[in-house]
Amino acid sequence: VGSEMCIRDRLMLLNQVTDALLSVNEAGNATLNNMLYQQVLTNSYLEDITKYTKALQEMKNDLAAVKNNTAGLARR
């Protein structure tokens, strides 16, 4: 009976340790999923910034061309 009690106690302890490890693993997975989601959002924002920066550069070039082409009008 005594050895059965010892084995049962050890199995209960093993079960508790396994549950604790599982909880830590699940928390780690949740953290990694959140980090991945944030990375995806960041990449999306960077793509938007690149797209709009390019459009602004094109507008700057167009305005410079208009300024250059109309420079002589102010002198007339």
Side-chain angles (χ1 to χ4, degrees):
V1 174
S3 65
E4 289 178 12
M5 183 86 70
C6 185
I7 291 172
R8 186 172 16 143
D9 290 343
R10 288 181 181 179
L11 287 173
M12 287 175 56
L13 179 61
L14 179 61
N15 189 34
Q16 291 172 350
V17 169
T18 304
D19 286 344
L21 288 173
L22 180 62
S23 295
V24 168
N25 187 35
E26 288 173 347
N29 284 342
T31 300
L32 288 174
N33 283 338
N34 288 335
M35 291 171 65
L36 177 61
Y37 178 71
Q38 291 297 321
Q39 187 67 35
V40 169
L41 282 179
T42 301
N43 285 344
S44 175
Y45 294 144
L46 289 174
E47 288 173 0
D48 288 345
I49 290 170
T50 300
K51 179 173 74 174
Y52 293 120
T53 301
K54 182 179 178 183
L56 288 173
Q57 184 62 38
E58 291 170 357
M59 290 171 57
K60 178 183 173 186
N61 293 339
D62 291 343
L63 287 173
V66 168
K67 183 177 179 182
N68 186 40
N69 293 337
T70 59
L73 295 177
R75 293 185 210 139
R76 290 182 186 181

Quiz item: If Ile, Leu, Val, Met, Phe, Trp and Tyr residues are connected whenever their side-chain heavy atoms lie under 4.5 Å apart, and connections chain through other members, are L32 and V24 in the same group?
Solution: no
Quiz item: With no hydrogens and no angle check, is any side-chain donor or acceptor of S44 less than 3.5 Å from a backbone partner on V40?
Solution: no
Quiz item: Hey, does the side chain of N68 reach the backbone of A64 with a donor-acceptor pair shorter than 3.5 angstrom?
Solution: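 Answer holds: no.
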Could you tell me the separation between the [atom1] atom of [X] and the [atom2] atom of [Y], rounded to the nearest 0.5 Å?
X: L36; Y: T31; atom1: CG; atom2: OG1; result: 12.5 Å
X: M5; Y: R10; atom1: CE; atom2: CZ; result: 13.5 Å
X: T50; Y: Y45; atom1: OG1; atom2: OH; result: 14.5 Å
X: E58; Y: L56; atom1: CD; atom2: CG; result: 9.5 Å
X: N43; Y: D48; atom1: CG; atom2: CG; result: 11.0 Å
X: Q39; Y: L46; atom1: CD; atom2: CG; result: 8.5 Å

Quiz prompt | Close side-chain approach of M12 and N15, heavy atoms under 4.5 Å | solution = no
Quiz prompt | side-chain hydrogen bond (donor to acceptor under 3.5 Å, both in side chains) involving D9 - partner list, sequence neighbours excluded | solution =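 Testing D9 for side-chain hydrogen bond (donor to acceptor under 3.5 Å, both in side chains), a comparison that skips the adjacent residues, returns none.
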Self-check item: E47: side-chain hydrogen bond (donor to acceptor under 3.5 Å, both in side chains) partners, not counting sequence neighbours
Solution: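 With sequence neighbours excluded, E47 shows a side-chain hydrogen bond (donor to acceptor under 3.5 Å, both in side chains) to no residue whatsoever.
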